[in-house]
2 protein chains.
Amino acid sequence: MVSWSPEGIDQLSARLISQGSRFARTASRKSGEQRSLIALRVLSNLLQEGDLRIGELAQRETITQPAMTATVNRLEEDGLVERRADPADARAAVVHVTQAGAAELEAFRMRAAARVRPHLERLGEDDLAVLARAADLLGDLADRLNER
Amino acid sequence: MVSWSPEGIDQLSARLISQGSRFARTASRKSGEQRSLIALRVLSNLLQEGDLRIGELAQRETITQPAMTATVNRLEEDGLVERRADPADARAAVVHVTQAGAAELEAFRMRAAARVRPHLERLGEDDLAVLARAADLLGDLADRLNER
DNA sequence: CAGTTTATATAGAACGTGTATATAGTTGCT
DNA sequence: AGCAACTATATACACGTTCTATATAAACTG
């Protein structure tokens with residue numbers, strides 16, 4: 001194993017961004033997905049964490065608050081989420097996933113999995129482990145990049 | 001090491017898409033990037049492979065030909081690429097990166113690296129190796145998804 | 001050489017996203 | 001209590017992104 005030079009680390013950054021985005025876009029498109037990846041991530045966040053505010057969602061996904069308002073509007077028009085009054089703060093509304101929203105996310109996951117599965121199945125256990133660990137690491141890295 | 005159930009593999013697909021897209025978007029935005037990741041990938045493809053046709057670029061990046069025409073138009077307006085006649089086929093034009101285009105890609109890579117480096121530096125060699133291997137695997141997976 | 005196919009461009013529509021600003025509600029200080 | 005500053009969300013506007021459908025021009029085919 002080569003030890004990591006600063007240049008190696010910097011190349012790795014660019015490759016992760018480039019390949020990560022291409023893979024995500026390709027897998028989503030080829031699964032016939034209509035909705036944006038942000039919209040799907042919003043549903044996923046809400047299911048995992050419970051109701052969240054617009055601002056909180058925007059911050060997590062690194063888009064501006066107006067962009068998140070628009071995303072939530074579209075999801076609400078399609079009945080996938082609801083706005084609910086926040087009892088603690090009348091300025092705020094919390095976003096709540098509906099059953100239809102949960103179903104739509106699940107449907108996406110199944111379509112995506114069906115499309116990607118054949119290719120993952122060809123990989124060895126070691127490569128699958130690499131990808132599983134990488135998914136966690138990428139999530140952590142995104143969190144840290146978001147912090148400041 | 002757990003052996004991989006079908007469900008585990010399917011979950012992995014969804015996680016890779018979700019985390020991959022979030023990481024790429026976050027890293028790009030937080031680096032103050034203006035240009036789309038697709039535009040950057042176009043520059044990268046051209047530098048790596050030499051001049052390519054619009055249609056070829058569209059196929060590689062899994063967007064439609066009109067969308068790629070628009071992307072190339074914007075890059076051309078900014079002087080980052082040029083259209084050149086394809087001597088072998090007068091219908092087609094090949095896209096060629098200019099020096100300014102190469103410089104812009106390099107600048108993006110430096111900005112992104114500077115932003116991500118501190119977080120990568122905290123990782124151990126094993127995790128860096130995981131990420132490096134994962135970048136390759138994601139690239140291969142995207143290629144394979146693209147094939148059919 | 002006429003008909004079909006291919007490569008790119010254009011038109012039109014909807015979504016995604018940013019900046020700037022408006023509106024309404026909350027908090028802190030006196 | 002009252003006012004100033006702050007905060008959460010919404011709205012307005014502009015531009016980029018991406019799709020489908022179609023037009024245009026060139027190449028291939030029999």
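We name chains A, B, ... by the order of the sequence lines, and we start the count at 1 in each one.
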Examine [N]: is either OP1 or OP2 under 4.0 Å from a nitrogen or oxygen in the side chain of [X]? Give yes or no.
X: B:Arg29; N: C:dG18; value: yes
X: A:Thr64; N: C:dG18; value: yes
X: A:Ser36; N: C:dG16; value: yes

task = Hey, which sits more toward the 5' end of DNA chain C by its nearest nucleotide, B:Ala93 or A:Thr62?
result =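 Result: B:Ala93.
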
task = State, with a plain yes or no, whether a side-chain heavy atom of B:Arg41 is found less than 4.5 Å away from one of A:Ser21.
result =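 Yes, close enough: below the 4.5 Å cut-off.
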
request  = Side-chain contact test, heavy atoms from C-beta onward, threshold under 4.5 Å: evaluate it for A:Leu40 versus B:Ser18 and give yes or no.
outcome  =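 No, side chains not in contact.
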
inquiry  = Between A:Arg22 and B:Arg60 (side chain of the first, backbone of the second, donor and acceptor by atom type, cut-off under 3.5 Å), is there such a pair?
reply    =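 Answer holds: yes.
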
message = I'd like to know if the side chain of B:Glu33 and the backbone of B:Arg35 have a donor-acceptor N/O pair within less than 3.5 Å.
response =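 The answer is yes, because a donor-acceptor pair under 3.5 Å joins these two groups.
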
In this structure, how many angstroms lie between the [atom2] atom of [N] and the [atom1] atom of [X], rounded?
X: B:Gln59; N: C:dT8; atom1: CD; atom2: P; result: 11 Å
X: B:Ile38; N: C:dT17; atom1: CD1; atom2: C1'; result: 16 Å
X: A:Glu33; N: D:dT18; atom1: CD; atom2: C1'; result: 15 Å
X: B:Leu57; N: C:dA9; atom1: CG; atom2: P; result: 11 Å
X: B:Ile54; N: C:dT6; atom1: CD1; atom2: C1'; result: 15 Å
X: A:Asp51; N: D:dT9; atom1: CG; atom2: P; result: 13 Å

inquiry  = Which residues in residues 66-86 of chain A have a heavy atom closer than 4.0 Å to any atom of DNA chain D?
reply    =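 Those residues whose heavy atoms fall under 4.0 Å from DNA chain D, taken from residues 66-86 of chain A in numerical order, are A:Pro66, A:Thr69, A:Arg83.
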
message = Tell me whether B:Glu82 at atom CD has more than 12 heavy atoms from other residues, nucleotides or ligands lying less than 6.0 Å away.
response =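 Yes.
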
request  = Identify, between A:Gly55 and A:Arg25, the residue whose nearest nucleotide on DNA chain D lies closer to the 5' end.
outcome  =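 Closest to the 5' end, via its nearest nucleotide, is A:Gly55.
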
inquiry  = We want to know whether A:Arg29 and B:Asn146 form a side-chain donor-acceptor pair, criterion being a heavy-atom distance below 3.5 angstrom.
reply    =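 Judged by distance alone, the side chains do not pair up.
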
inquiry  = Between A:Asn45 and A:Glu61, do the side chains contain a donor N or O and an acceptor N or O under 3.5 Å apart?
reply    =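 Their side chains do contain a donor-acceptor pair, which is all the 3.5 Å distance test asks for.
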
Please list, for nucleotides 23-28 of chain C, all pairs of protein and nucleotide N/O atoms separated by less than 3.5 Å.
from	atom 1	to	atom 2	distance (Å)
C:dG25	N2	A:Arg91	NH1	2.9
C:dT26	OP1	A:Ala90	N	3.1

query = Are A:Leu52 and A:Ile54 in one and the same hydrophobic cluster, where Ile, Leu, Val, Met, Phe, Trp and Tyr link if side-chain heavy atoms are under 4.5 Å apart?
reply =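 Yes; A:Ile54 is reachable from A:Leu52 via cluster members.
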
query = Same hydrophobic cluster for B:Ile17 and B:Leu145, using side-chain heavy-atom links shorter than 4.5 Å among ILVMFWY?
reply =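 They do share one cluster, since a chain of ILVMFWY contacts under 4.5 Å joins B:Ile17 to B:Leu145.
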
ask   = Quick one: does A:Gln65 reach the base of D:dA10 with a side-chain donor-acceptor pair under 3.5 Å?
value =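 Indeed there is one.
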
Among D:dA8, D:dT17, C:dT17, the nucleotide that comes nearest once only the side chain of A:Arg53 is considered =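 Closest of the options to the side chain of A:Arg53: D:dA8.
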
